[in-house]
Each structure stands twice: as structure tokens, then as C-alpha cells.
Participant: 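If you scroll down you'll find the structure; I have some questions about it.
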Amino acid sequence: MTSVPSERRRREDSTPDVGNTRARYRRILRFAVRHIVQTWWFELVLPRIGLAKVAARGRTARLTRIAQRFHVLAVDLGGLMIKVGQYLSSRLDVLPPEITHELAGLQDEVPPVPFDAIRRLAEAELGVPLERAYARFDPTPLAAASLGQAHRARLSPIDAADMGYDEAVVKVQRPGIETIVDVDLSALRRVAGWLSRVRIVSSRVDVPSLVEEFAATSLEEIDYLQEAANAERFAASFAGDPRVAAPEVVWERTTRRVLTLADVTAIKINDRESLLAAGIDPKAVAKQFATVMFDQLFRDGFFHADPHPGNIFVTPVERVTDAAPPASGVMDAASPASSPAASPAWRLTFIDFGMMGEVPDGLRRGLQQVILAVAARDGKRLVDSIRGVGVLLPSADTAELERAMTELFARFGGMGLAEVRQVDERELRSFAIEFGEVMRALPFQLPENFLLVIRSMSLTSGLCSSLDPDFNMWDAVEPYAGQLLRDERGNVVQALGQQALSVAGTVARLPQRLDALADRIEEGRLVANSPRLEQRVARLERTTRRIVSAVLFVGLFIGGILLRVDEPVWGTVLIAVSVIPLLHALFAGIFRRRGRG
């Protein structure tokens with residue numbers, strides 16, 4: 001049982017100095033205010049006074065400096081700010097490439113917490129001294145991150161007997177991280193409130209929603225009970241699959257702030273030299289890793305959203321035959337493990353399940369349509385499938401995007417990263433700039449689930465390309481596209497069969513219905529309510545005319561307001577003329593009712 005002094009120490013460890021938290025809050029706000037004002041000046045004020053070209057000339061360098069300064073701030077503050085930078089680096093939909101590229105390399109560059117503080121927090125959480133909780137606990141951290149750090153440990157004899165192993169890794173939260181997260185989120189919410197009042201920002205992106213999305217993900221990451229549940233769910237998804245493993249959770253030594261897992265450390269997936277020394281082909285690892293990630297997305301709907309090299313090991317194992325295939329699903333036929341061949345002499349071991357993503361059935365079907373469009377190199381179908389996923393708003397004019405996608409497939413379709421690198425750099429840069437301008441001009445914002453999908457696939461592509469310079473993501477997609485095409489043909493045949501049965505049933509019942517109709521006509525029981533129908537049609541026509549008048553009023557009124565900036569006379573005329581359709585929309589029904597009265 002936890003003693004009173006232990007509880008007091010726990011509160012002290014988890015509550016940073018109030019002065020420090022206030023200084024942290026103010027520093028984040030100062031950074032935001034400075035660069036919001038700077039952006040407002042260059043992007044809004046200078047173009048209004050005829051200096052748009054001056055603002056545009058230094059835009060790239062200016063945005064790069066902002067990203068560099070945020071990088072420095074994030075590394076200095078640690079905590080949630082590093083996660084903010086990593087999150088922003090993946091928001092290709094709302095941020096220019098100068099910022100996302102600069103923040104892409106932001107990692108958890110933080111010093112470890114002194115062991116005494118880690119000891120106090122862990123003992124307060126577990127309720128017993130570390131010497132009783134574990135047979136051995138290494139004071140030197142295995143890894144240190146912005147939210148917590150990991151230590152190697154050996155389970156106590158009783159726990160080891162229950163689990164069947166004794167080597168473990170213990171993750172302990174950084175003392176005070178919950179308070180720091182609260183401070184950072186408070187600052188971010190305030191900044192989001194400011195940005196939501198700037199029309200040029202609010203028209204393109206819902207910043208408060210982005211902050212809440214980020215907050216939900218961050219709060220899950222500091223709840224180790226949630227991570228433990230994610231680890232077990234992930235392991236269950238690949239139960240019986242010899243390609244994939246996950247560490248077992250030691251629940252007796254796990255709390256919301258301390259997580260104990262089986263030690264599964266092995267060869268880091270991007271350590272090519274160690275892979276080759278173990279007789280493992282890095283190209284085969286790249287291929288299997290891509291396949292496993294696609295299985296998570298399209299078969300299981302539950303996927304690892306942070307598959308960077310530090311979170312995946314390659315574990316050599318003895319070759320086993322007659323292994324059970326993975327659970328059946330859409331992608332079974334495309335999965336290497338679905339065949340009865342012998343399992344590989346190594347497996348992929350995933351760790352760190354704090355950031356996981358789910359693909360609802362609707363999004364999964366939409367992503368499958370995206371894959372089919374990519375496999376067919378069909379720009380129009382790809383745009384339609386992206387719209388179906390919910391990325392593009394209904395008002396988006398996609399003609400330019402369809403043209404850009406068609407050019408993308410025509411020029412780069414089917415190329416691997418190595419082939420793209422051989423393309424003339426000026427051509428690649430020119431196309432990237434044009435394509436980026438088309439994308440940023442469209443009204444779209446990535447839904448939360450889709451963002452995690454893109455993050456996961458981006459990390460997967462980069463990791464596979466580092467293992468195999470000739471790796472081609474198109475090749476990894478094709479087996480899934482082939483299976484989807486077979487499923488789609490089967491669905492079409494099934495739908496046609498159902499339609500044929502429906503038509504046949506209607507035709508079979510037709511003579512009987514015609515006889516009944518003839519009887520009703522002969523007996524004088526067939527009545528047509530044409531006066532009522534005419535009244536309804538007339539009412540619908542009047543309502544439609546009033547709606548058109550309302551739309552015309554809005555268009556004239558807003559057009560007049562916008563035109564008054566440059567053409568005051570014509571703007572005033574349009575505003576005055578807009579009164580006519582407004583009066584019709586408001587009073588046409590009243591005058592008509594009075595006329596009838």
C-alpha cells in the first residue's frame with residue numbers, strides 16, 4: 001500500500017514549479033504572437049499597398065526561418081512542443097512545404113531525467129520499492145523521449161515464473177509531464193482562438209479542431225494503460241502470423257504512468273550492416289514491412305501510426321513450417337502469410353503503441369478506391385475517390401486537380417524512388433511547385449484518421465526506401481489492387497444478379513397487376529387527384545422562385561461589398577439592386593396570401 005509520504009512525493013514530482021510553467025506558457029504565446037503579426041504584415045498588409053511582389057520574393061526564406069526558430073523552441077522546451085513539431089510536419093494539407101520539410105527531422109532531442117526522480121515516481125506508482133518490484137532495474141535509460149523514458153529491468157522471481165521470461169523494459173513518464181502537457185495545450189488553444197479570428201486562416205482550416213485533434217492524441221500517449229491495451233489488441237490482430245510479433249504486457253507492474261513490457265529488443269530495422277551480418281536481406285525486409293503495414297490498414301483497420309526505425313526490430317527466429325495463416329479479411333489473398341509456405345527465418349517486432357490509428361469501414365472502402373485509382377493510373381477516378389473519402393469539400397472545383405493528377409501519372413506513374421531521383425531536378429521542382437499550388441488552392445482538410453494513415457504510409461515509404469534504394473511503393477500496392485479488383489468484379493456480378501432477379505420478379509407479377517388495373521377501370525374505382533397535384537406543383541414553383549431570389553440577393557450583396565473596395569460606385573449599385581430579390585424572397589408569400597383573402 002502506498003504510504004502518505006510516497007503520495008506527497010508523487011504530487012511534488014508531478015507538479016513543476018509554478019513560475020516555470022507560467023514562463024513556459026508566456027514563451028509559447030510570445031513566439032506565436034511574433035510570427036502571427038509577421039505573417040499578417042507580409043501576407044495581408046503589403047499586398048494591400050501594392051507590394052505583393054516584395055512579400056512574395058522572401059516568402060520561402062521567411063517561412064524556413066519560422067520553422068527553424070520553432071525547431072529551436074521545441075528542442076529547448078521539450079514536452080509537448082516536440083510532438084507539435086512532429087504533428088505539424090505531417091500537415092501537408094494546411095502548411096507550406098518550407099515548414100513541413102524543416103520540421104520533418106524534429107526528434108525527441110531531450111536529456112534523460114535523473115534516476116532519483118524516476119525512482120520516486122515509479123515507486124509511488126507501483127506502491128513498493130523498485131528492489132521489491134524488480135530483481136534488477138538499470139538506472140541508465142535505454143531511451144529518453146519528451147514524454148517518458150525507458151529502462152531495462154529483470155522481473156522478480158514470482159513475476160518471471162508467471163510470465164515465462166525475466167527480461168523486461170520499463171517505461172516511466174517524465175515527472176511533471178501531465179502538468180506540462182496541460183500548460184502546452186492551454187497555450188495552443190489560445191493561439192488557435194486567435195487564428196480562428198483571422199479570415200484568411202479560418203477560411204482554409206479549422207485551427208481549434210486541429211488543436212483538439214492533437215490534444216486527444218497527446219493525452220492518449222501519456223496514458224500507459226491505453227498503450228498497454230493497444231499492444232494487446234495489435235498482438236491479437238497478428239495472432240498466428242509468423243511475420244509479426246509484439247511485446248507482452250506485464251500487467252502486475254503496469255499503471256497509468258509506468259508500463260512494463262517483455263524485452264524484445266533486437267536488430268533495428270534500418271541497421272543494414274547488422275541485418276546483412278545475420279544473413280537477412282534488407283530488400284526482403286522492406287518488402288515484408290510494406291506488406292505488413294498494408295495488412296494493418298486494409299485488413300485489420302487498426303494500425304501503428306508511428307512506425308519509425310526506433311519502433312520496429314527485426315528478430316531472427318528458427319524456421320517454422322505449417323504456421324497458421326493470419327485472420328481472414330479483404331487482403332488475405334494478397335498477404336504472403338496466407339500461403340502454406342514456410343515462415344521466414346526472422347520476424348518484424350513492433351513496439352511503442354502510444355500512437356495507433358483506426359480505419360472505420362467507410363474510410364477503408366474509400367482508401368480501397370484510392371488504391372484502385374492509383375493502380376489504374378486514373379487521375380479523374382483518384383480525385384473522385386479522394387472526394388469520397390471526405391478530404392475535398394463539396395464546393396471544390398477539381399478540374400485543375402484532375403489535370404495535375406493526370407500529368408503526375410503520365411510523368412511519374414510507376415516510378416520508384418531511385419527512378420524519380422534520376423529525373424531532372426529542375427523539372428521535378430517545377431512540377432512540385434505547380435502541384436503544390438493546385439493542392440493548397442483547394443478547400444480541403446485531412447480528417448483525423450486520414451492524417452494518421454498518411455503519416456504511417458509516409459514513414460513506411462521512407463523506411464523501405466532506406467532499406468532498398470530501388471524500392472517501389474507501386475509494386476507493394478499492386479497485390480492489394482489486384483485483390484480489390486477481383487472483389488469489385490465479384491460485387492458487380494452479384495449486384496447484376498440481384499438486379500436480374502428483381503426484374504424477373506417484376507415481369508412475373510406484371511400480368512396479374514395489369515388484370516387488377518383493368519378491373520378497377522371497369523368498375524370506376526380508378527381516381528386521379530390532379531387538382532391536388534397541381535396545387536402542390538404550384539406551391540413548389542413559388543417556393544423555388546423565392547429560394548432563387550434569396551440566392552440572388554446573397555450573391556449581389558456580397559459581390560457589392562467586395563467590389564466597393566476597388567469600385568465604390570458599382571459596389572453601391574449592386575448592394576442597392578440586391579434589395580429587390582430580398583423583398584421578393586421575404587414578402588412574395590405574404591402578398592399572395594392577402595390577394596387570395
Participant: Do any pairs count as a side-chain hydrogen bond (donor to acceptor under 3.5 Å, both in side chains) and have a residue in residues 150-160, sequence neighbours left out, and if so which ones?
Facilitator: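 Non-adjacent pairs meeting side-chain hydrogen bond (donor to acceptor under 3.5 Å, both in side chains): Gln149-His151, Arg152-Asp263, Arg152-Thr265, Arg154-Glu167, Ser156-Asp159, Asp159-Arg253.
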Participant: Let's go through Tyr134 and Thr260 carefully: what are the C-alpha distance in whole Å and the side-chain angles of both, what is the deciding distance for side chain to side chain contact (heavy atoms under 4.5 Å, CB included) to 0.1 Å, and is it a yes or a no?
Facilitator: CA-CA 10 Å; Tyr134 305 96; Thr260 305; 2.7 Å; yes
Participant: Dump the intermediate steps for side chain to side chain contact (heavy atoms under 4.5 Å, CB included) on Met81 and Arg24, then the final yes or no.
Facilitator: CA-CA 11 Å; Met81 287 297 102; Arg24 179 186 186 91; 4.3 Å; yes
Participant: If every non-hydrogen atom of Ala245 is compared with every non-hydrogen atom of Phe234, which pair is closest and at what distance?
Facilitator: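 In this case the closest contact between Ala245 and Phe234 is O-CE2, 4.4 Å.
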Participant: Answer yes or no: is there a donor N or O on one side and an acceptor on the other, between the side chain of Ser456 and the main chain of His304, under 3.5 Å?
Facilitator: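 Present.
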Participant: For Glu252, check side chain to side chain donor-acceptor pair (under 3.5 Å) against everything at least two apart and list the hits.
Facilitator: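 Partners of Glu252 by the side chain to side chain donor-acceptor pair (under 3.5 Å) criterion come out as none, since no residue qualifies.
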Participant: Looking at side-chain heavy atoms only, is the closest gap between Pro247 and Val169 below 4.5 Å?
Facilitator: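 In short, these two side chains do not touch, never coming nearer than 4.5 Å.
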Participant: Could you walk me through whether Thr217 and Glu220 pass the side chain to side chain contact (heavy atoms under 4.5 Å, CB included) test, one step at a time?
Facilitator: CA-CA 5 Å; Thr217 302; Glu220 283 188 1; 5.9 Å; no
Participant: Enter the distance from Arg299:CZ to Phe294:CZ here, rounded to the nearest 0.5 Å.
Facilitator: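 The CZ atom of Phe294 is 14.0 Å from CZ of Arg299, to the nearest 0.5 Å.
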Participant: Thinking salt bridges, do Lys83 and Asp184 make one under a 4.0 Å N-O criterion?
Facilitator: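 No, this pair does not count.
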Participant: I need the Arg257 CZ to Ile177 CD1 distance, nearest 0.5 Å.
Facilitator: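 Separation between the atoms: 10.0 Å.
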Participant: Ser465 side chain to Gly462 main-chain N or O, any donor-acceptor pair under 3.5 Å?
Facilitator: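 Between the backbone of Gly462 and the side chain of Ser465 there is no qualifying donor-acceptor contact (under 3.5 Å).
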Participant: Quick one: does any side-chain atom of Asp468 pair with a main-chain N or O of Ala286 as donor and acceptor, under 3.5 Å?
Facilitator: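 Not at all, since once roles are kept as given, no pair shorter than 3.5 Å links the two residues.
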Participant: To the nearest 0.5 Å, what is the distance between CD1 (Ile82) and CG (Leu73)?
Facilitator: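 That separation rounds to 10.0 Å.
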Participant: Among residues at least two apart in sequence or on other chains, which ones pass side chain to side chain contact (heavy atoms under 4.5 Å, CB included) with Ser218?
Facilitator: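 Ser218 satisfies side chain to side chain contact (heavy atoms under 4.5 Å, CB included) with Leu80, Phe214 once adjacent residues are dropped.
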Participant: Identify the heavy atoms of Ala160 and Asp166 that sit nearest to each other, and give their distance.
Facilitator: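 Heavy atoms of Ala160 and Asp166 come nearest at CB-CB, 3.9 Å.
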Participant: Counting C-beta onward and ignoring hydrogens, is there a side-chain heavy-atom pair between Thr315 and Val264 closer than 4.5 Å?
Facilitator: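 They are not in contact (no side-chain heavy atoms under 4.5 Å apart), so the answer is no.
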Participant: Between OG of Ser196 and CZ of Arg189, what distance do you get to the nearest 0.5 Å?
Facilitator: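 Spacing of OG (Ser196) from CZ (Arg189) equals 13.5 Å.
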Participant: Between Pro316 and Ile267, which heavy-atom pair has the shortest distance, and what is it?
Facilitator: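 Scanning both residues completely, I find the closest heavy atoms to be CG-CD1, 4.2 Å.
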Participant: What closest approach, in Å, do Pro307 and Phe289 show between heavy atoms, and which atom pair accounts for it?
Facilitator: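 Between these two residues, the closest heavy atoms are CB-CZ, 4.0 Å.
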Participant: For the backbone of Phe302 and the side chain of Asp300, can you confirm whether one donor and one acceptor N or O come within less than 3.5 Å of each other?
Facilitator: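 Judged by distance alone, no pair lies under 3.5 Å.
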Participant: Please check if the side chain of Arg272 supplies one atom and the backbone of Pro282 the other of a donor-acceptor pair under 3.5 Å.
Facilitator: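 Answer holds: no.
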Participant: Of all heavy-atom pairs between Leu467 and Asn270, which one has the smallest distance, and what is that distance?
Facilitator: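 For Leu467 versus Asn270, the nearest heavy atoms are CD2-CA, 4.2 Å.
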Participant: Could you check whether atom CZ of Arg69 has more than 12 heavy atoms from other residues, nucleotides or ligands sitting under 6.0 Å from it?
Facilitator: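 Enclosed: over 12 neighbouring heavy atoms sit under 6.0 Å from CZ of Arg69.
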Participant: Run Asp352 and Lys171 through side chain to side chain contact (heavy atoms under 4.5 Å, CB included) and show every step you take.
Facilitator: CA-CA 10 Å; Asp352 194 350; Lys171 290 179 65 174; 3.7 Å; yes
Participant: Measure from the side-chain N and O atoms of Asn311 to the backbone N and O of Asp306, and report whether any donor-acceptor pair falls under 3.5 Å.
Facilitator: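 Yes, because the side chain of Asn311 sits within donor-acceptor range (under 3.5 Å) of the backbone of Asp306.
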Participant: With a 4.5 Å limit on heavy-atom distance, are the side chains of Arg233 and Phe353 in contact?
Facilitator: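 With C-beta onward as the side chain, the pair stays apart.
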Participant: Indicate yes or no: at least one non-hydrogen side-chain atom of Thr460 is less than 4.5 angstrom from one of Phe303.
Facilitator: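 Result no, sub-4.5 Å side-chain heavy-atom pair not found.
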Participant: Looking at Gln173 and Ile222, would you say the former's side chain and the latter's main chain have a donor-acceptor pair under 3.5 Å?
Facilitator: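 Pair found, side chain donor or acceptor close to backbone of Ile222.
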Participant: Starting at CG of Leu259, measure out to CD of Glu125 and round the result to the nearest 0.5 Å.
Facilitator: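 These two atoms lie 11.5 Å from each other.
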Participant: From Thr254 OG1 over to Leu225 CG, what is the distance, rounded to the nearest 0.5 angstrom?
Facilitator: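 These two atoms lie 7.5 Å from each other.
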Participant: Judged by atom type as modelled, is there a donor-acceptor pair below 3.5 Å linking the side chain of Thr291 to the main-chain atoms of Lys287?
Facilitator: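 Yes.
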Participant: Shortest non-hydrogen contact from Phe238 to Val244?
Facilitator: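 Minimum heavy-atom contact is CD2-CG2, 3.7 Å.
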Participant: When you compare the side chain of Leu261 with that of Tyr224, does any pair of heavy atoms fall below 4.5 Å?
Facilitator: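 No, their side chains stay 4.5 Å or more apart.
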Participant: Do NZ/NE/NH1/NH2 and the carboxylate oxygens of Lys283 and Asp281 come within less than 4.0 Å?
Facilitator: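 Salt bridge flag = no for Asp281 with Lys283.
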Participant: Check whether Glu123 reaches the backbone of Pro129 with its side chain - one donor and one acceptor, N or O, closer than 3.5 Å.
Facilitator: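 It does not hold such a pair.
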